[in-house]
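Below you'll find the structure, written out as structure tokens, and then a few comments.
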Number of protein chains: 2
Amino acid sequence: MPQRPLRADAARNRRLLLDAAAGTFAEYGMEASIAQVAARAGVGKGTVFRHFASKEYLVAAILADHLDELAATGTALLDADDPTAALLEFMTAGVERQSVDRSFCQATTGAVRGEPQVRAASERLAKVAEALTDRARRQGAVRDDVTGHDVVLLISAAYQVTAPLQSADPALWQRYLALIFDGLRSEAAHPLPHPAPGRDQFTAATDAGG
Amino acid sequence: MPQRPLRADAARNRRLLLDAAAGTFAEYGMEASIAQVAARAGVGKGTVFRHFASKEYLVAAILADHLDELAATGTALLDADDPTAALLEFMTAGVERQSVDRSFCQATTGAVRGEPQVRAASERLAKVAEALTDRARRQGAVRDDVTGHDVVLLISAAYQVTAPLQSADPALWQRYLALIFDGLRSEAAHPLPHPAPGRDQFTAATDAGG
DNA sequence: ACCTGAACACCGTTCAAGT
DNA sequence: ACCTGAACACCGTTCAAGT
């Protein structure tokens, strides 16, 4: 469903907008204005809304890109020597990515996550996370009841804890990622009171027709 | 520094505003308008800004109240029979509180947390958390290197992970709270790569003069 | 088919006029 | 000393006019 291909100038503007928006939002967070983004891209404000239904959708498109980049990082780690270290490294990359992007954190929280684009990217990311988790699990280091979706969600958690203290201590997230990671280890595993979210949770509330 | 006491009508309006705002923001989140809050309180829009420097400060005042309520809950748990269960119950109460208040989560993330009022309440809450943690630690269930501040921050984390999936599965936070709590147990404790935040982190960037 | 910027609606914040 | 609502500035979004 990639419609028909965009006209050359439209495709170019779309790319310019995505790049400008990613830079602007990373620096100023989601409270940066559309006018600011349009100016940085060198297009009129109206063009933003021709390409993206709303500011939220624009953020969603960028978030989806970021998630796919992280998925690529994860895929590369699939043939690392130490599976457990690889899983930790994957999560570290994810948290680090957020720590240099003010909008990443805001977007992960917001309603944006409900957009099909973002859900699809989340799904791809969760698959990679699942593969990484599986390898670490086979090594005996990671508990049985943890899924790829869990890992993806906990990556957000590790950063969001420290977001408000970020300016005071930019590396604080390392502490909480380590604490959370210890919760994934088999040594401390206590039964979980609630089932993991599944494909359905991420895909819910859409696709009425088949 | 509670200035001189407010005039009777002003004190009454302030209370009406806090109540109206807490209700409105809990239901609609921080994107509810000031006009909406003022109408619910039965005062003019201008009155809101006479009492609170900005919308953010209003949210901060409410957040501080919520934190103090949670601190009270924690204090009550200090003489529970099972210290470890008490710590978990404390954290559960905190996450549950957020899950029924749309603005709580947003406020915890935002710059609001930097306000002196909120920092002071956080500090009080961290002290209670520290006492609860200490009891559980003496029982041998909780690792040595975890502080009250850690516990407070992880309470936010546990909920924020699931905020975007809240509508799909409102009880999902229970899973992540359990996972995170397992990370606090002594069984899985691996050395943490970064020191805990201290009083200074929460109090930073203010009080130039004494 | 796409771009543009003027126009619109909405909202946080200010302030002159009231009590 | 405090309240009020009209006025202001800003911003997301729309759309008629252009190419």
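Proteins get letters first, then strands, A, B, ... in listed order; numbering begins at 1 in each.
Taking for each of B/F49 and A/L6 the nucleotide of DNA chain C with the nearest heavy atom, the 5'-most of the two is the partner of A/L6.
Residues B/L78 and B/F90 fail the side-chain proximity criterion, which asks for heavy atoms closer than 4.5 Å.
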Side-chain donor-acceptor contacts of residues 91-103 of chain B below 3.5 Å, not counting sequence neighbours, with atom names and distances?
residue, atom, partner, partner atom, Å
B/T92, OG1, B/L88, O, 2.7
B/R97, NH2, B/H66, NE2, 2.9
B/Q98, NE2, B/I155, O, 3.4
B/S99, OG, B/E96, O, 2.8
B/D101, OD1, B/S103, N, 3.0
B/D101, OD1, B/S103, OG, 3.0
B/D101, OD1, B/F104, N, 3.2
B/R102, NH2, B/E31, OE2, 3.1

Give the table of side-chain donor-acceptor pairs shorter than 3.5 Å for residues 36-46 of chain B, with sequence neighbours excluded, one pair per line with atom names and distance.
residue, atom, partner, partner atom, Å
B/Q36, OE1, B/S33, N, 3.4

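Of the possible donor and acceptor atoms, one in the side chain of B/R143 sits under 3.5 Å from a partner among the backbone N and O of B/H190.
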Worksheet item: When Watson-Crick pairs (N1 to N3 and N6-O4 or O6-N4) and G-U wobble pairs (N1-O2 and O6-N3) count only below 3.5 Å on both distances, what is the dot-bracket string of DNA chain C, with | for other-strand pairs?
Response: ||.|||||...|||||.||
Practice prompt. Show your working on salt bridge (charged side-chain N to carboxylate O under 4.0 Å, His left out) between B/D134 and B/R137 and close with a plain yes or no.
Written response: CA-CA 5 Å; B/D134 231 42; B/R137 192 166 18 224; 2.8 Å; yes
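At a cut-off of 3.5 Å, with distance as the only test, no side-chain donor of A/Y57 or A/Q117 sits close to an acceptor on the other residue.
Once you apply a 4.0 Å limit to the heavy atoms of chain A, the touched nucleotides of DNA chain D run 5' to 3' over D/dG12 to D/dT14.
A salt bridge links B/R185 to B/D182: at least one charged side-chain nitrogen sits closer than 4.0 Å to a carboxylate oxygen.
Looking at residues two or more places apart in sequence or on another chain, you find no side-chain contact (heavy atoms from CB on, under 4.5 Å) involving B/P191.
Residues of residues 19-48 of chain B having a heavy atom closer than 4.0 Å to DNA chain C, listed by number: B/A32, B/S33, B/I34, B/K45.
Exactly one of A/D68, A/T73, A/L67, A/V151 qualifies for a side chain to side chain contact (heavy atoms under 4.5 Å, CB included) with A/L125. That residue is A/L67.
For the residue pair A/T147 and A/A196, the shortest heavy atom distance occurs at CG2-CB, 3.6 Å.
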